[in-house]
Amino acid sequence: MTSQSQGIQQLLQAEKRAKDKLDEAKKRKVKRLRQAKEEAVAETDQYRMQMEKDFRLKQSKIMGSQSHLSDEIEEQTLEKIKELNRSYNKCMESVIKQLLSMVCDMKPEVHVNYRATN
């Protein structure tokens, strides 16, 4: 009987060791999966950052040339405004004199188509 109980005890201990080994293997598997997930997240983050950097570089090249054109157009517009202001200031006085002379210096005359009726 004692040999039978020793056999049972050995079987229980072997079962417990097997269960412990399985538990340890599951823990290692979970740990490895977690580590693989973290590595994948880090790798995707690094890839995303690289792609965003490339995108910003291309965008700055395109937008840089557009902003250069925008600056050039703005500069041309300001120059045209200055030129129009100079022209306005130069001609303003003569145009006002001309308008005043037309309004104030009237010469009353009888119209050529007027017929005197008696």
Side-chain angles (χ1 to χ4, degrees):
M1 207 45 156
T2 61
S3 70
Q4 215 177 18
S5 74
Q6 282 181 345
I8 292 173
Q9 286 297 326
Q10 285 178 343
L11 282 175
L12 288 174
Q13 287 175 353
E15 187 178 321
K16 186 176 189 286
R17 283 193 305 263
K19 184 180 176 191
D20 290 343
K21 284 186 177 185
L22 280 175
D23 288 342
E24 186 64 33
K26 285 180 184 179
K27 286 179 185 177
R28 283 194 310 261
K29 181 181 176 183
V30 168
K31 183 179 177 182
R32 180 61 190 129
L33 285 173
R34 193 175 297 130
Q35 183 182 6
K37 183 178 177 180
E38 290 171 356
E39 289 173 1
V41 167
E43 189 174 325
T44 56
D45 286 345
Q46 183 180 8
Y47 179 76
R48 181 181 299 117
M49 288 185 343
Q50 181 63 37
M51 290 294 110
E52 286 177 357
K53 180 181 176 185
D54 292 345
F55 174 74
R56 282 191 299 272
L57 182 64
K58 289 178 183 178
Q59 186 180 29
S60 69
K61 285 181 182 178
I62 292 170
M63 294 304 287
S65 64
Q66 286 181 352
S67 91
H68 176 67
L69 290 175
S70 169
D71 292 343
E72 190 174 315
I73 290 170
E74 183 72 24
E75 185 178 317
Q76 289 175 355
T77 304
L78 291 174
E79 185 61 38
K80 187 68 173 176
I81 289 171
K82 287 178 184 177
E83 180 183 328
L84 289 172
N85 283 332
R86 283 192 300 267
S87 174
Y88 167 77
N89 290 331
K90 179 181 175 185
C91 299
M92 176 183 67
E93 194 171 322
S94 66
V95 170
I96 289 175
K97 284 181 181 178
Q98 186 179 5
L99 284 173
L100 285 174
S101 71
M102 289 178 152
V103 171
C104 296
D105 298 339
M106 291 195 309
K107 297 177 185 167
E109 296 177 353
V110 177
H111 195 273
V112 292
N113 292 331
Y114 177 76
R115 275 192 262 169
T117 54
N118 286 356

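All values derive from a computational prediction rather than experimental measurement. This chain uses plain numbering: 1 for the first residue, then up along the sequence.
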- Task: Nearest 0.5 Å please: distance from the CZ atom of Arg17 over to the CG atom of Leu22.
- Result: 13.5 Å
- In Å and rounded to the nearest 0.5 Å, what is the CG to CG distance from Leu84 to Asn89? 11.0 Å
- Sorted by chain and number, sequence neighbours left out, side chain to side chain donor-acceptor pair (under 3.5 Å) with Arg48 holds for Asp45
- Atom pair NZ/CZ of Lys21 and Arg28 - distance to nearest 0.5 Å: 10.0 Å
- Residues, nucleotides or ligands: over 12 heavy atoms within 6.0 Å of Glu39 CD: yes
- Give a yes or no on whether Gln35 atom CD has more than 12 heavy-atom contacts from other residues, nucleotides or ligands under 6.0 Å away. yes
- Item | salt bridge (charged side-chain N to carboxylate O under 4.0 Å, His left out) partners of residues 88-99, not counting sequence neighbours, each pair once | Glu93-Lys97
- Task: May I have the step-by-step check of side-chain contact (heavy atoms from CB on, under 4.5 Å) for Gln76 and Lys80, ending in yes or no?
- Result: CA-CA 6 Å; Gln76 289 175 355; Lys80 187 68 173 176; over 6 Å; no
- Note on the structure: Output for pair (Thr44 OG1, Met49 CE), nearest 0.5 Å, gives 10.5 Å
- Message: Which Ile, Leu, Val, Met, Phe, Trp or Tyr residues join Leu100 in one cluster when any pair of side-chain heavy atoms under 4.5 Å counts as a link?
- Response: Tyr88, Met92, Ile96
- Partners passing side-chain contact (heavy atoms from CB on, under 4.5 Å) against Ser101 (at least two apart in sequence or in another chain): Asp105
- Query: Do Lys19 and Asp23 have side chains that get closer than 4.5 Å, going by heavy atoms?
  - Reply: yes
- Task: Would you please name every residue forming a side-chain contact (heavy atoms from CB on, under 4.5 Å) with Asp54, sequence neighbours left out?
- Result: Gln50, Met51
- Would you please name every residue forming a side-chain contact (heavy atoms from CB on, under 4.5 Å) with Lys29, sequence neighbours left out? Leu33
- Query: Does the distance from a Lys or Arg side-chain N to an Asp or Glu carboxylate O, for Glu79 and Arg86, drop under 4.0 Å?
  - Reply: yes
- Between the main-chain N or O of Glu83 and the side-chain N or O of Ser87, is there a donor-acceptor pair closer than 3.5 Å? no
